[in-house]
Amino acid sequence: MVSQQPVTTNKVPCGFSGYTARLAAGTAVNHCTIIGHVNDIHSINERITEIATMPYIERKAEEAKALIEELNGNADIHSVI
């Protein structure tokens, strides 16, 4: 799988990520997947050194949490069972 050309379009909402890593004792690897849509994969490839970092991913996760809170924070939700 690692040596195959990536497929960047699909008809189902899922994906695979594969890589090879050799770890020394007591070390770890972080593996993150970013899901989204762009019209042109080149726009991602041009920024890969910026966006393929843990600080970027962590910042975007915090931004997403804040947006969800902003959108839902004042929601008055009731359940009738």
Show the atom names and distances, to 0.1 Å, of all donor-acceptor pairs under 3.5 Å that link a side chain in residues 54-68 to residues at least two apart or in another chain.
unit_1: K60; atom_1: NZ; unit_2: E63; atom_2: OE1; d: 3.1

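Scanning for side-chain hydrogen bond (donor to acceptor under 3.5 Å, both in side chains) contacts around D40 gives an empty result, with sequence neighbours left out.
Scanning all heavy atoms of the two residues, the minimum distance from V29 to A21 falls at CG2-CB, 4.2 Å.
The CG atom of N30 sits 11.5 Å away from the OG1 atom of T53 when rounded to the nearest 0.5 Å.
Within a 6.0 Å radius of NE2 in H31, other residues, nucleotides and ligands contribute more than 12 heavy atoms.
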